[in-house]
Amino acid sequence: MVLWGLMLGILLVATVGYLCLLGLFRQRRPQEPPLDKGSVPWLGHAIAFRKNMFEFLKQMRTKHGDVFTVQLGGQYFTFVMDPLSFGPILKDAQRKLDFVKYAEKLVLKVFGYDVVPGDHRMIHSASAKYLMGDGLKDLNETMLDSLSLVILGPMSQSPDASCWHEDGLFHFCYNALFKAGYLSLFGRTKNKEQDLLQAEELFAQFLKFDRLFPRFVYSLLGPCEWLEVGRLQRLFHKMLSAQHNLEKDGVSNWIAYMLQFLREHGVAPAMQDKFNFMILWVSQGNTGPASFWALLFLLKHPEAMRALREEAARVLGEARLDAGRSCNFKVSALHHSPALDSVMEETLRLKAAPTLLRVVNGDQILKMASGEKYQLRNGDTVALFPYLSVHMDPEIHPDPTAFKYDRFLNPDGSRKVNFYKAGKKIHHYTMPWGSGMSICPGRFLALSELKLFVLLMITHFDLELVDPDTPVPPVDPQRWGFGTTHPSHDVRFRYRLRPPV
Ligand code: HEM
Ligand SMILES: *[C@@H]1O[C@H](CO)[C@@H](O)[C@H](O)[C@H]1NC(C)=O
């Protein structure tokens, strides 16, 4: 009898414990944001969220307002939708919202890379040295060389170059940017043809991984896909191995610096390979898709294309070429190109949709711009999705779904930086790069690369859509929250080398 009682007791405790783990008993406490646990235990709203994050968050905002906590796969996420209240979250002077903790887990799962202490700081200091300001000079030049190698070919112009070629625009752009970016950062050899072939092969594998990526992060892969991801991970570790890298010259200072740090901290070679894979992913996963959207918008908006070609003629007139170079301009052409800058900013406003996540480190108060205060719970995650709350806010950007190439230009043609919400000047009026602790350290290189690519394409080629009436395809809904979005399908286009002017 006593034994039975004991067993029942244990069973009861175990069940209650389990249900607590499932988050079933969590109640909204005084001062906490509205809590929406969803109808499925533990999973909460995960299914709707993963299916289409943008639509899901729109619904939640309508239901709960600017702050709310939702359950997603056993974890609680507090979304803050009012951009005027982002300041304290992004500044986080006391380090009570932890970015690194979240990132470490993700990086281990996706790339197999086990972060060394100080690694986040190291990446940012390497980037401050080699991806920004004067340090960017070398990479700028290398990038222009690689882009013209990839686009115009090793011998500059092949005989059939002046015929029309047809391709998928997404595939063409991603392929070009990936190869140029990879060769510029990870190094080249003397054999250009061989380099191009190797980069091409790497890109084919990269695309496979990229397609599985969102569902991999959400742990939604089927058994065969799991095996495939494992195979791809191992392949990348091999193809990017540090050993292999040493045989190349021209590995960028950025990567050389980071690998040296890892070696000095006793990181095993196999782990360095995984680091390389992570770096390949963050440096190549966004720029290609962004260049696709930019060119597509230009093809759909002749007034924008005209404005850029006029600007290009003007700036290139001032920065004429060295003979013998395959493309006919220098990087300095881009020091003053406000129309191109505006096109890039508008493209990223419409198509870059990152999520910013911070783990709540100790119970704390969140102060909103309105003066309201909310209690945040230790261990929860604070999340921002600026695409919905900033990029698509009609008060900040009137007619927010329309592409306006001059949205970021003042009437006098200079760069526009003043945007307002509720009568207040807004600091973060677009956030394609994230912000605060986790801001993208490659953003200057990414912009440079994108601008060089667009300029090369529009000045060296005639471009047209195979079907001029084809609409801009919708965003693949799985891609919300992962940086630059992808289209739900590709768009056919034609290109032809222009006769030299
Ligand atoms: C259009 C192109 C790009 C976009 C939209 C973009 C966007 C972003 C965003 C939103 C993050 C922050 C992620 C987070 O908060 O968790 C990030 C991180 C990062 N990006 Fe980019 N990125 C781009 C291109 C690049 C390029 C070209 C490089 C390097 C050459 C680069 C290097 C990095 C690195 C190293 C991180 C991780 C930083 C850290 O650990 O804090 N990105 N990027
Ligand atoms: C690198 O290129 C970009 C544009 O492509 C330009 O804005 C930037 O000033 C350049 N940086 C250096 C150091 O040349």
Side-chain angles (χ1 to χ4, degrees), residues 90 99-107 110-111 113 115 118-128 130-144 147 173-174 177-178 180-182 184-186 217 252-255 258 275 278-294 315 319 329-338 340-341 344-345 347-349 351-358 381 383-387 430-456 481-485:
L90 296 173
F99 160 70
V100 175
K101 206 163 165 179
Y102 169 81
E104 281 179 358
K105 263 196 270 170
L106 186 70
V107 157
V110 177
F111 306 104
Y113 176 62
V115 174
D119 166 291
H120 179 260
R121 222 175 315 123
M122 173 278 284
I123 293 179
H124 280 263
S125 57
S127 308
Y130 297 115
L131 299 182
M132 299 174 192
D134 283 341
L136 191 53
K137 203 162 191 295
D138 289 347
L139 257 181
N140 262 351
E141 296 295 336
T142 313
M143 192 61 80
L144 179 56
L147 276 169
C173 292
Y174 206 169
L177 273 273
F178 178 92
Y182 165 71
S184 302
L185 293 174
F186 287 82
V217 172
S252 63
N253 290 331
W254 184 54
I255 289 188
M258 295 191 292
F275 177 84
M278 173 184 78
I279 289 298
L280 180 74
W281 174 262
V282 291
S283 63
Q284 306 311 320
N286 287 293
T287 325
S291 69
F292 156 78
W293 292 114
V315 296
F329 62 83
K330 294 190 193 166
V331 178
S332 57
L334 289 176
H335 286 324
H336 189 67
S337 53
L340 183 51
D341 291 340
M344 287 324 310
E345 200 157 3
T347 301
L348 293 172
R349 181 187 71 81
K351 298 301 172 189
T355 327
L356 282 73
L357 300 171
R358 304 287 189 270
T381 302
L384 308 180
F385 185 55
Y387 183 80
T430 64
M431 296 172 66
W433 318 104
S435 185
M437 269 290 277
S438 67
I439 194 164
C440 175
R443 60 199 183 281
F444 302 103
L445 176 65
L447 271 180
S448 177
E449 209 178 328
L450 285 165
K451 288 165 61 179
L452 290 169
F453 173 72
V454 169
L455 197 61
L456 268 171
F482 288 107
T484 314
T485 57

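Atoms within each ligand, like the ligands themselves, are counted from 1 in listed order. Bear in mind that the values here come from a model prediction, so they are computed numbers and not experimental data.
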of all protein heavy atoms, closest to atom 42 (N) of ligand 1 is Cys440 SG, 3.0 Å
inquiry  = Is Tyr102 close enough to touch ligand 1? Criterion: a residue heavy atom under 4.0 Å from a ligand atom.
reply    = no
Nearest non-hydrogen protein atom to atom 5 (O) of ligand 2, with distance, is Ser448 OG, 2.9 Å
**OP:** Please state whether Gly133 comes within less than 4.0 angstrom of ligand 2, counting heavy atoms only.
**Re:** yes
- request: For Leu384 and Arg358, run side chain to side chain contact (heavy atoms under 4.5 Å, CB included): C-alpha distance rounded to whole Å, both residues' side-chain angles, the deciding distance at 0.1 Å, then the answer.
  value: CA-CA 9 Å; Leu384 308 180; Arg358 304 287 189 270; over 6 Å; no
Looking only at heavy atoms, the pair that brings Met132 and Phe444 closest together is CG-CD1, 3.4 Å
Min over Val282, Leu280, Ile279 of heavy-atom distance to atom 25 (C) of ligand 1 lands on Val282
Per-atom filter on ligand 2: closer than 4.0 angstrom to a heavy atom of Lys137 are 13 (C)
Atom 24 (C) of ligand 1 sits nearest the protein heavy atom Ala446 CB, 3.7 Å
Going by the 4.0 angstrom heavy-atom rule, the piece of Ile123 near ligand 1 is side chain
If you scan protein heavy atoms around atom 13 (C) of ligand 1, the nearest is Ser438 O, 4.3 Å
Under 4.0 Å from one or more heavy atoms of Leu334, ligand 2 contributes atoms 4 (C), 5 (O)
May I ask you to decide if Gly288's main-chain N or O and Ser291's side chain share a donor-acceptor pair within less than 3.5 Å? yes
At under 4.0 Å between heavy atoms, what of Gln284 touches ligand 1? The answer is neither
Correct closest heavy-atom pair for Met258 and Ala126 would be CG-CB, 3.5 Å
Ligand 2 and Lys451, any nitrogen or oxygen pair closer than 3.5 angstrom?
no
protein heavy-atom neighbour closest to atom 9 (C) of ligand 1 works out as Trp433 O, 3.8 Å
Atom 27 (C) of ligand 1: closest protein heavy atom, distance to 0.1 Å, is Ser283 O, 3.5 Å
dist Leu280:CG -> Leu185:CG (nearest 0.5 Å) comes out at 9.0 Å
One finds that the ligand 1 atoms under 4.0 Å from a non-hydrogen atom of Leu445 are 30 (C)
Spell out, as yes or no, whether a donor-acceptor pair under 3.5 Å connects the side chain of Trp293 to the backbone of Ala352. no
CG (Leu445) and OH (Tyr130) are apart, to the nearest 0.5 Å, by 14.5 Å
Quick one: does Thr485's side chain have a donor or acceptor within less than 3.5 Å of a partner on Lys351's backbone?
yes
In ligand 1, the atoms that come under 4.0 Å of a heavy atom of Gly434 are 10 (C)
Quiz item: Going by heavy atoms in the side chains, are Thr484 and Phe292 under 4.5 Å from each other?
Solution: no
Are the side chain of Ser127 and the backbone N or O of Ile123 linked by a donor-acceptor pair below 3.5 Å? yes
Per-atom filter on ligand 1: closer than 4.0 angstrom to a heavy atom of Phe99 are 14 (C), 15 (O), 16 (O), 41 (O)
In short, Pro354 meets Pro432 closest at the heavy-atom pair CG-O, 3.6 Å
Please check whether Arg358 reaches ligand 1 - meaning an N/O of the residue sits under 3.5 Å from an N/O of the ligand, judged on distance alone. no
> Is the Tyr182 to Phe186 ring centre distance short of 6.0 Å?
Replying inline: yes
**Prompt:** Mind checking whether Trp281 and Phe111 have parallel, tilted or perpendicular rings, split at 30° and 60°?
**Reply:** tilted
the protein heavy atom lying closest to atom 14 (O) of ligand 2 turns out to be Asn140 ND2, 3.3 Å
With heavy atoms and a 4.0 Å threshold, my read on which part of His124 contacts ligand 1 is side chain
Closest to atom 7 (C) of ligand 1 by heavy-atom distance, out of Pro354, Pro432, Ser127, is Pro432
With heavy atoms and a 4.0 Å threshold, my read on which part of Thr484 contacts ligand 1 is side chain
The protein heavy atom nearest to atom 40 (O) of ligand 1 is His120 CD2, 3.4 Å
In this structure, atom 2 (C) of ligand 1 is nearest to the protein heavy atom Asn286 CB, 3.5 Å
request  = Please confirm whether the backbone N or O of Cys440 pairs with a side-chain atom of Arg443, one donor and one acceptor, at under 3.5 Å?
outcome  = yes
Nearest heavy-atom contact between Leu356 and Ser435 is CD2-N, 3.5 Å
At under 4.0 Å between heavy atoms, what of Val331 touches ligand 2? The answer is side chain
Nearest non-hydrogen protein atom to atom 9 (O) of ligand 2, with distance, is His335 CE1, 3.2 Å
So for Pro441, does at least one of its heavy atoms come nearer than 4.0 angstrom to any atom of ligand 1? yes
Value for OG1 (Thr355) from CZ (Phe482), rounded to nearest 0.5 Å, stands at 7.0 Å
